Amino acid sequence: MELFDSHCHLDDEKFDEDREQIIQEIKEDGVTKLVSAGYSVESSKKASKLSDQYEFIYATAGVSPNDISQTKEELWKMIEEIKNIASQNKKIVAIGEIGLDYYWNQENKELQKLAFIKQIELANELSLPIVIHTRKANEDTLQILKQIQVSKKGIFHCCSLKGDLLKQAIELGFYISFAGPITFKNSKNADEMIGIVPDDRILVETDSPYLSPEPLRGTRNDSRNVKYMAQKIAEVKQIDVATVAKITYENAERIFNIM
Ligand code: NI
């Protein structure tokens, strides 16, 4: 069984001491492709470098709503740097993670929206999909996606959209990626959410080193744990885990345009 971790952060400092070792173990464990997601200029550079070093690692480049600057002028510079990173490396497979986060930041909603829109335009210019981070901002996120054409579509990462909003995201053509929270015992809507997503739009991710799934909560997460998300989906959809591995792998290759 081979798995594709559609979203992790291998550049994170929590991997500084044993990164090479962990990357080796991830691959040996059957996670034969993964995407290390950038969230700032610095982390996008690091993710891009990792994708140069390891054949099975791909990367994204983008500035998350929690990493944008205070002023528009600085923001344009950041996005220019993201453009340079993304256009210089063919293994940058998406612009992201980008989006809106009103949980951590409520003071700069307009600048967050501007950063999101500008980076969607960049993705369109480079013919790349987007990876969306949204937290406590689901309505505004969907509003923007309805207003602006996203030519290569993209992924709702660590998705927590429920019911109607989740259906809207799928109708707009987006893929849905599930992380550790769907395995948590107190997750009320996980089964409902998984049930809504069609088989050809579902992805699995770890968002590691954070958000370890059950039964490993509280420990450092890494891509090997993506199997717990696949198991949860298999239970809910009542199909075997090998089938979930196969469909999520093919879906990830399709949306990231990896041959
Ligand atoms: Ni992330």
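For ligands, and for the atoms within them, numbers begin at 1 and follow the listed sequence. FYI, the numbering just counts along the sequence from 1. Because the structure is a prediction, the values reported are computed rather than measured.
- Salt-bridge annotation for Asp199 and Lys237: present, with a side-chain N of the basic residue lying under 4.0 Å from a carboxylate O of the acidic one.
- Contacts of Thr141 classified as side-chain contact (heavy atoms from CB on, under 4.5 Å), with partners at least two apart in sequence or in another chain: Leu100, Phe116, Ile132, Thr134, Ala137, Leu145, Phe156.
- Formation of a donor-acceptor pair under 3.5 Å by the Thr60 side chain with backbone atoms of Gly96 is found in this model.
- The Ni ion (ligand 1) has His7 NE2, His9 NE2, Glu97 OE2, Asp207 OD1 as its protein N, O or S neighbours under 2.8 Å.
- Counting Ile, Leu, Val, Met, Phe, Trp and Tyr side chains that sit under 4.5 Å apart, directly or through other members, Tyr249 shares a hydrophobic cluster with Phe4, Val35, Tyr58, Val93, Val131, Ile155, Tyr175, Leu203, Ile255, Phe256, Ile258.
- Asn105 meets the side-chain contact (heavy atoms from CB on, under 4.5 Å) test with Asn66, Asn108, Gln112; sequence neighbours excluded.
- For Lys162 and Glu192, the salt-bridge test fails: no basic side-chain N is under 4.0 Å from an acidic carboxylate O.
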